Amino acid sequence: MHRKRVLPALVVIAHGSRDPRHAATVYALVRRVRSLRPGLRVETGFLDFNVPSVHGVLQSLAADGVRDVVALPLLLTRAFHAKADIPAVLRDAPPQLRIRQAEVLGPSPLLLSALERRLYEAGLSPADKSSTGVVLASAGSSDPEAIAVIADIAREWRRTGWCAVRPAFASASLPRTEDAVRELRALGCARVAVAPYVLAPGFLPDRIARGAAGADVLADVLGPAPEVARVLLERYETARTPALAALGA
C-alpha cells in the first residue's frame, strides 16, 4: 500500500511594514493562492515589523511534523533581501526541515498582464495603448542586477504596443516617477499612466503616487491580482520539483 505523499508546505516570505495596508494586502494575496490550491498548506512570515516572523512560522511547521518546505520570497527582483536576508533567516530554521528557496516573482509575463489589468481597472482600455506612455515605477534598489531587470521589463513591455514605457524608481536609483512622467509628456504621448511595479502599499508606493501627480492615470499596486497568485504557484512548483524527482515522483 502506497503512503500518500504530502506536498511541501509553502511559506510566503514578505518584507513587512509599519503600514497596516502592507500586511492586509499580503494576506489577501495568500488567500487567493490558497483558493487556487486548496490542498496546499500556505503560511505567511514577515522579515520585519509584522508577526508572525519567518522563524516563528518555521518553528510552528516543524512542531506540526512538517518536513519539507518551499520558502518563497514575496519580492519582484533579486536584490539584497533575496540574496542575503532570506537565506540567513532560513539557515536558522529548525534542523528537521528540508527547505528549498524559490525564485523571486519577477520577471514574468504574468506580471506584465497584472500591470495591464491594474491600468485598465484605473480607466485605460486596450485601444489607448498606442497613444499612452507608461511609467513602470518600482521601489528601487542599490543592486545593479535589480535595476537592469526593471529596464529590461520596460523594454519588453514597450514592444506590446504602448507609445513608450519608461522605468522609474522611488528610492536608491534615478529617474524618479515625476521625471519619467515629464519625459513621456515631452515625447508627445497623448496621455501618461503610472503603473506601480510593487506588491503592496507602503512608504515607497506612496512616494510613487505623489510622483504621479502630473500623470493622467495612476494604477493600483499589484496586490492580490490573480496573475500574481499564479506566479507564486509557478515558483512553488518549480522549487518543489527537484525534491519530488529525488523521491522518484
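Bear in mind that the values here come from a model prediction, so they are computed numbers and not experimental data. Scope of the values below: all heavy atoms of this structure, side chains included, with no hydrogens, waters or symmetry mates.
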Legend entry - Contact summary for G223 and T25, nearest pair of heavy atoms: CA-CG2, 3.6 Å

Legend entry - Student check: side-chain heavy atoms of R37 and L7 closer than 4.5 Å: yes

Inset, instruction - Would you check if V26 and N50 make a side-chain contact, meaning some heavy-atom pair closer than 4.5 Å? - result: no

Inset, instruction - Taking the side chain as every heavy atom from C-beta outward, state whether P201 and D206 have any atom pair closer than 4.5 Å. - result: no

Legend entry - Interatomic spacing from CG in D128 to CG in L119 - rounded to 0.5 Å: 10.0 Å

Inset, instruction - Identify whether I208 and I150 are in the same connected component of the hydrophobic contact network (ILVMFWY, side-chain heavy atoms under 4.5 Å). - result: no

Legend entry - L75 side chain reached by L105 side chain, heavy atoms, under 4.5 Å: no

Inset, instruction - Please assess L36 against L233 for the test side-chain contact (heavy atoms from CB on, under 4.5 Å), listing each intermediate value before the final yes or no. - result: CA-CA 9 Å; L36 293 174; L233 289 172; 3.6 Å; yes

Inset, instruction - Check whether Y120 and L136 end up in the same hydrophobic cluster, where Ile, Leu, Val, Met, Phe, Trp and Tyr are linked by side-chain heavy atoms less than 4.5 Å apart. - result: yes

Inset, instruction - Mind checking the CG-OG spacing from L204 to S17? Nearest 0.5 Å is all I need. - result: 9.0 Å

Inset, instruction - Look at the aromatic rings of W157 and W162 and report parallel, tilted or perpendicular, splitting at 30° and 60°. - result: perpendicular

Legend entry - Donor-acceptor under 3.5 Å (R176 side chain, F169 main chain): yes

Inset, instruction - Would you name the heavy atoms of C163 and S131 that are closest together and state the gap between them? - result: CB-C, 3.9 Å

Legend entry - Salt-bridge contact R118-D220 (side-chain N to carboxylate O under 4.0 Å): no

Legend entry - Donor-acceptor pair, side chain of S173 and main chain of S141, under 3.5 angstrom: yes

Inset, instruction - Decide if atom CZ of R67 counts as having more than 12 heavy atoms of other residues, nucleotides or ligands within a radius under 6.0 Å. - result: yes

Legend entry - side-chain contact (heavy atoms from CB on, under 4.5 Å) assessment of R78 paired with E103: CA-CA 8 Å; R78 267 184 56 77; E103 288 296 327; 3.6 Å; yes

Inset, instruction - Please determine which of V228, L199, V30, I13 meets the side chain to side chain contact (heavy atoms under 4.5 Å, CB included) test together with L74. - result: L199

Legend entry - Same apolar cluster: L72 and V42, side chain cutoff 4.5 Å: yes

Legend entry - E234 vs R230 side-chain heavy atoms within contact, under 4.5 Å: no

Inset, instruction - Report the C-alpha distance between R185 and D216 in whole Å, list the side-chain angles of each, state the deciding distance to 0.1 Å, and finish with yes or no for salt bridge (Lys or Arg N to Asp or Glu O under 4.0 Å). - result: CA-CA 11 Å; R185 291 276 186 222; D216 301 295; 3.1 Å; yes

Legend entry - L112 side, atom CG; E116 side, atom CD - distance, nearest 0.5 Å: 7.0 Å

Inset, instruction - Mark yes or no for whether H22, through its side chain, and A200, through its backbone, hold a donor-acceptor pair below 3.5 Å. - result: no

Inset, instruction - Decide, yes or no, whether a salt bridge links R166 with E183 under the criterion of side-chain N to carboxylate O below 4.0 Å. - result: yes

Legend entry - Y27 versus P52, closest heavy-atom pair with distance: OH-CD, 3.6 Å

Inset, instruction - Could you list the residues that satisfy side-chain hydrogen bond (donor to acceptor under 3.5 Å, both in side chains) with D64, not counting sequence neighbours? - result: R41

Inset, instruction - Determine, for E227 against R32, whether the closest basic-nitrogen to carboxylate-oxygen distance falls under 4.0 angstrom. - result: no

Legend entry - Shared hydrophobic cluster, L10 / L110 (ILVMFWY, side-chain heavy atoms < 4.5 Å): yes

Legend entry - Minimum side-chain heavy-atom gap R235-S108 below 4.5 Å: yes

Legend entry - Stepwise side-chain contact (heavy atoms from CB on, under 4.5 Å) test for T160 and K129: CA-CA 9 Å; T160 67; K129 288 185 78 167; 3.3 Å; yes

Inset, instruction - State the CG-CG distance between D68 and L61, to the nearest 0.5 angstrom. - result: 11.0 Å

Legend entry - Heavy-atom neighbours of R158 CZ exceed 12 at 6.0 Å: yes

Legend entry - Test log, rule side-chain contact (heavy atoms from CB on, under 4.5 Å), inputs V12 and L232: CA-CA 9 Å; V12 177; L232 261 73; 4.0 Å; yes

Inset, instruction - Before accepting this row, confirm whether a basic side-chain N of the pair D143/K83 lies closer than 4.0 Å to the acidic partner's carboxylate O. - result: yes

Legend entry - Gap between atom CG of L184 and atom CZ of R191 - 0.5 Å precision: 13.0 Å

Inset, instruction - For residues L97 and V66, report the shortest heavy-atom separation together with the two atoms involved. - result: CD2-O, 3.1 Å

Inset, instruction - Find the distance between CZ (F49) and NE2 (H15) and round it off to the nearest 0.5 Å. - result: 6.5 Å

Inset, instruction - Identify the two heavy atoms, one from D19 and one from G202, that lie closest to each other, and give their separation to 0.1 Å. - result: OD2-CA, 3.7 Å

Legend entry - Minimum heavy-atom distance between V134 and A195, given as atom pair plus value: CG1-CB, 4.0 Å

Legend entry - Side chain proximity check, L115 to Y197, heavy atoms < 4.5 angstrom: yes

Inset, instruction - Kindly work out whether a path of hydrophobic side-chain contacts (I/L/V/M/F/W/Y, heavy atoms less than 4.5 Å apart) joins I147 to L111. - result: yes

Inset, instruction - Report yes or no: does Q101 contribute a side-chain atom to a donor-acceptor pair with the main-chain N or O of L90 at less than 3.5 Å? - result: no

Inset, instruction - Would you indicate whether the side-chain heavy atoms of V69 and P8 approach each other to under 4.5 Å? - result: no

Legend entry - Electrostatic pair D179-R182, nearest N-O below 4.0 angstrom: yes

